[in-house]
Participant: 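My structure is below; once you've seen it, I'll send some questions.
In this chain, residues are counted from 1 in sequence order.
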Amino acid sequence: MLRYTIRRLVQLVGVVLVLSLLLFAWMRLLPGGPVSALLGERATPESREALTKQLGLDQPIIVQYFKFLGRAASGDFGVSTGVQPGDSALEIFIQRFPATIELSFFAIVIAIVIGVPLGYLAAKRRGGWFDNLSVIGSLIGVAVPVFFLAYVLKDAASVGLGLPSQGRQGDINATRVTGFFTLDGILTGEFDATLDALEHLILPSIALATIPFAVIFRITRAAVLDVLDEDFVRTAESKGLTAPLIRRRHVMRNAMLPVVTTIGLQTGALLSGAVLTEKVFSIPGVGQALAIGFERRDYPVLLLLIIMATIVYVVVNLLVDLSYALIDPRIRTR
């Protein structure tokens, strides 16, 4: 397992280098470029030429790229020109990533807690009304756009239930420790701040959880159906083993590999930035920064956020692969 982990981490370095080169070249070839983003529409030819030379943009792209790698190795990814003008791109990522982690964590927990049990129950009652109703519900979850559901929850649920629909926390003078608002209140003993942060997470988490829930439900249902038809399940039933023991030891454990893979993929996608959800609910996370960065052509921030999203996605999937050995001991010997 150690050799496998090291090999995957080495592959991660290669993926990041190739992606960074492609992104760097793509952003340099976009119309306008960093010079237009910095100077605006009233830039004169002289000022454009001077800034181009100052930023080193008159040099070949490969030379610019290696200089960028040298600065990136020391943590300098450039300065924001649109998201938070004047702040470093790395500082923006550090400030905003906790918000995305909190939102993604609660969304994927909702999807797992509801999707996995429903998938198992639907498989056990295949062809029945519960199975058919659950499948229809999962299809609706996939079909309804996230931004539409987000606006419905924001306009309807926030008014009817009185839940907050903007930002991460209300007008509370809370102490910041880690950047995770739900955790900070626990660490500092300010439990009212934690409760307020949790209330702000309810609506966006539900909106963000719909697609992961639908996917996890359908994969769980299909995996359980496959396992229920296996001979070892019928053998366990003929031996008189109890239903909870068969479910835990034989059915769910053998059905979990594709489910864990799906959960990993969905988690990686959520952590990469929930652009629409963060935009609708005004959550200052990575997704909102990506949206603003594209609107205002903030190339340093875009480059860093996309690279970090790739790293997060690959690391999450590495953890999923390593978890296979815990679920299925046979994998440890391969």
Side-chain angles (χ1 to χ4, degrees), residues 75 80 83-84 86-117 150 153-210 212-213 216 263-264 266-292 301 304-305 308-309 311-312 315-316 319-320 323 326:
S80 172
V83 178
Q84 294 172 209
D87 292 347
S88 71
L90 184 59
E91 182 180 343
I92 292 173
F93 173 78
I94 294 173
Q95 290 174 354
R96 289 175 173 266
F97 194 46
T100 299
I101 292 179
E102 273 190 337
L103 176 59
S104 302
F105 173 77
F106 284 99
I108 201 66
V109 166
I110 292 172
I112 294 171
V113 169
I114 299 177
V116 173
L153 290 173
K154 182 178 179 180
D155 295 337
S158 63
V159 175
L161 301 177
L163 294 172
S165 60
Q166 296 284 335
R168 298 181 63 193
Q169 209 165 47
D171 189 15
I172 295 179
N173 188 20
T175 305
R176 303 286 178 245
V177 179
T178 64
F180 299 95
F181 288 5
T182 54
L183 180 61
D184 288 347
I186 296 174
L187 294 177
T188 59
E190 300 171 351
F191 299 108
D192 56 335
T194 296
L195 291 176
D196 185 70
L198 289 173
E199 288 180 354
H200 280 76
L201 282 168
I202 292 175
L203 296 181
S205 296
I206 293 174
L208 190 60
T210 52
F213 152 72
I216 291 171
I263 292 173
Q266 295 297 319
T267 303
L270 294 181
L271 288 174
S272 299
V275 178
L276 295 176
T277 306
E278 291 181 3
K279 189 77 171 176
V280 172
F281 290 98
S282 301
I283 297 175
V286 171
Q288 187 192 65
L290 280 170
I292 298 174
V301 171
L304 175 61
L305 292 185
M308 295 306 295
I311 294 175
V312 168
V315 169
V316 168
L319 294 177
V320 168
S323 69
L326 299 176

Participant: With sequence neighbours left out, what residues match Glu102 under side chain to side chain donor-acceptor pair (under 3.5 Å)?
Facilitator: Arg168, Thr182

Participant: Can any side-chain N or O of Asp184 pair as donor or acceptor with the backbone N or O of Val177 at less than 3.5 Å?
Facilitator: yes

Participant: For Phe181 and Leu201, what are the C-alpha separation, side-chain angles and deciding distance, and is it a side chain to side chain contact (heavy atoms under 4.5 Å, CB included)?
Facilitator: CA-CA 10 Å; Phe181 288 5; Leu201 282 168; over 6 Å; no

Participant: Nearest 0.5 Å, what's the CZ-CG distance between Phe105 and Leu270?
Facilitator: 12.5 Å

Participant: Can you check side chain to side chain contact (heavy atoms under 4.5 Å, CB included) on Val312 and Val316, steps first, answer last?
Facilitator: CA-CA 6 Å; Val312 168; Val316 168; 4.2 Å; yes

Participant: First locate atom CD1 of Ile108, then atom CG of Leu103, and finally report the distance between them rounded to the nearest 0.5 Å.
Facilitator: 11.0 Å

Participant: Which is it for Ile263 and Ile216 under the side chain to side chain contact (heavy atoms under 4.5 Å, CB included) test, yes or no, and what are the steps along the way?
Facilitator: CA-CA 7 Å; Ile263 292 173; Ile216 291 171; 3.8 Å; yes

Participant: Atom CD1 of Ile186 and atom OG1 of Thr194: how far apart are they, to the nearest 0.5 Å?
Facilitator: 4.5 Å

Participant: Which value, rounded to the nearest 0.5 Å, describes the distance between Ser165 atom OG and Leu153 atom CG?
Facilitator: 10.0 Å

Participant: Which distance, rounded to the nearest 0.5 Å, do you find between the CG of Leu304 and the OG of Ser80?
Facilitator: 11.0 Å

Participant: Quick one: pull up CD in Gln266 and CG in Leu208 and give me the separation to the nearest 0.5 Å.
Facilitator: 9.5 Å

Participant: Would you tell me whether Gln95 and Gln84 have side-chain atoms, one donor and one acceptor, within less than 3.5 Å of each other?
Facilitator: yes

Participant: Between Val83 and Arg96, is the side chain to side chain contact (heavy atoms under 4.5 Å, CB included) condition met? List the steps.
Facilitator: CA-CA 11 Å; Val83 178; Arg96 289 175 173 266; 4.0 Å; yes

